[in-house]
Amino acid sequence: MDLKDIVEAALFVAQKPLTVADLQALYPEGEQPEAVDVRAALAELTEEFISRPIELKQVASGYRFQVRESLSPWISRLFEERPTRYTKAFLETLAIIAYRQPVTRGEIEEIRGVAVSTQIIRNLLEREWVQVVGHKEVPGRPGLYATTRQFLDYFNLKGLDELPPLQTFIDRLGPVADTDMPVPVTPASYHEPTEKPEKPESDPIIPPDPTTAGTGETAQPD
Amino acid sequence: MDLKDIVEAALFVAQKPLTVADLQALYPEGEQPEAVDVRAALAELTEEFISRPIELKQVASGYRFQVRESLSPWISRLFEERPTRYTKAFLETLAIIAYRQPVTRGEIEEIRGVAVSTQIIRNLLEREWVQVVGHKEVPGRPGLYATTRQFLDYFNLKGLDELPPLQTFIDRLGPVADTDMPVPVTPASYHEPTEKPEKPESDPIIPPDPTTAGTGETAQPD
Amino acid sequence: MSDDFEMVVQPAIAMVNGTPFTEMPLDLYIPPDALEVFLETFEGPLDLLLYLIRRQNLDILDIPIAAITRQYIDYIDLMTEMRMELAAEYLLMAAILAEIKSRMLLPRPENAEAEEDDPRAELVRRLQEYERFKKAAEEMDKLPRCERDIFELGGVDTSTVTVRKVYPEVDLEDVLLAFTEVLRRAERSTRHRIVREPLSVRERMSSVLARLKDKPLLAFAELFNRREGRQGALVSLLAILELCKERFIEIIQEEPLGELYIRIPDAAPA
């Protein structure tokens, strides 16, 4: 049986993304194909489906077939329920965890200026978009939240570096904005290797100040 | 957007077979394609997938994609669960049924001194090592469990009498058998030599019997 | 300065006491009736301040702090019936603004270092930080996502696939060890009666019962197999007697000297 056919069938059947290792494991031990051959089959399949309404896509936790975005107006009619709309509070909390992870609830509240409801945290944990990756060694040992592969899969991303870059638009406060905001680091350790989100091309808040430019001074806000 | 593409995507996404009417309903009212066109699209798709590992099939309740049967050996591995080890409770229950059959659940519980979970009984029945051979004519008519031919086959026994006789165990218990576990005599013919589960370093409650001494009946340190 | 970040304001935000509430307030003063609406519209005091900065060109460095603070304090009574927790955060913001104002009024030494002590700097930093994530959340909401823009496959049927169930491997030795353990426990607790019957009898008991499942009435003679010889006959007889004793079966004879049958007893004796 052709490796490509087996890979194709498995990806169609699995209800979740499959890794190269998952695909190798379709064969009995001792007969498993090389990873490089599985990758070649995946590349070939991607090519073969290029003109079809479904595409082979690599997301954070592996490869999956998915319907092309352009078909969503029709396909969404298959489902009675409207897709969930997330509240601003939910999305802001998620965004802070995604860009600033690992982060405590207190730190999220500090940034948002309001309390984060327990319900939001619970929803994020239940959806498995967010997990507790450790505890901060401060009194109370608050949990440190980070995003998961499922989060990336849901948003069709391979890694955190595919998130839109952080940017800011406050400009008229320039004269007082004398401390350079550090560009948040998005630690890659919880996911596939990723890089930092790109720093916005021109960070308009920061006035070109000859005294601080080039010093690389980054004030850690917490 | 091409009707065929929409039909294809919908069939891949839907969790059940779709009828021609279902497929027409993907379009807003007034824009729905004719049934004959949907059928033509389905025919075309069937053709296009003819050489792929999945096929478009018409079943009683509509159309659906399904995996070709020939791929079953590989695809089935996606669904296999990794076997876990059986618990001690499971093995004890099995042993009691083997030696004391036909036996009711209540009797097993009496011998073990603890309740027997329904899950264990279910697993034994599912594995077809145990069957219900009748019911005890007492209130509740409890099922009488006995081992099966499959049980004997699995352990490579011709009959139950090839199991070590009960007497062996009783003798090994000895009068003061309340500290260490005796090593049961397990004639090598019943099984491949394998690692034994850990046992106490110093076990021999069994008085050194000159007739068996030196015949391999030595406590092996693991 | 760009307008691309303008907040979307619906024609009527809410009805307050029957009057459409169409305009966001022009300053930090919030009409008491609209307070609840406000608390729900904005994600907090930082969000509100950002809005005012954008919308009203409000110079946060020159807010009429005294008036605002007075208005906020007036809310305290009203807020007890509302979401006190959230309202408290707005009050805190008012306090921060008041503090900034008061510090701004103090004379400041005219040297460069003092710039870092600008009381507004911290607030501005927080506003910038918040805005980054507010914007990021909006961007994230626009990302194509499952269930809305992209759909995972759910429809490929697998009924043709037969799943082989994988069972754990067991050593006979483990079963025997388990049995020893059972016996040891039984010995230790009560003087449990351990019957020393040959296993072949127990096995035969099982098989007799199994046969009765298929055929409810068995002739006594059917239970003996000539080929098993004497030994076999004895095992069968012992099995039948044991089954009878334990009331698993009953032996019946329809007429004197007639053929013996065994069957499952009709009903459970009380």
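Naming: A, B, ... by sequence-line order, numbering from 1 per chain.
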What I'd like to find out is whether the side chain of A:Leu160 reaches to under 4.5 Å of the side chain of A:Phe151, using heavy atoms alone.
yes
Verify the distance criterion only: is there a donor paired with an acceptor across the side chains of A:Thr118 and A:Arg105 at less than 3.5 Å?
yes
Just checking, any donor-acceptor pair under 3.5 angstrom between side chains of A:Arg122 and A:Gln119?
yes
Please classify the contact between [X] and chain C as side chain, backbone, both or neither, with a heavy-atom cut-off of under 4.5 Å.
| X | answer |
| --- | --- |
| A:Leu157 | side chain |
| A:Leu78 | neither |
| A:Thr87 | neither |
| A:Phe90 | neither |
| A:Arg112 | both |

Specify which of [options] makes the most heavy-atom pairs with chain C at under 4.5 Å.
| options | result |
| --- | --- |
| A:Ile111, A:Val13, A:Asp153 | A:Ile111 |
| A:Glu69, A:Gln66, A:Arg68 | A:Glu69 |
| A:Phe155, A:Tyr154, A:Phe65 | A:Tyr154 |

For A:Tyr99 and C:Phe133, take the angle between the two ring planes, folded into 0 to 90°, and tell me which bin it lands in: parallel under 30, tilted 30 to 60, perpendicular over 60.
perpendicular
Aromatic ring proximity, centroids under 6.0 angstrom, C:Phe151 and A:Trp74
no
Is the centre of the A:Phe49 ring less than 6.0 Å from the centre of the A:Phe12 ring?
yes
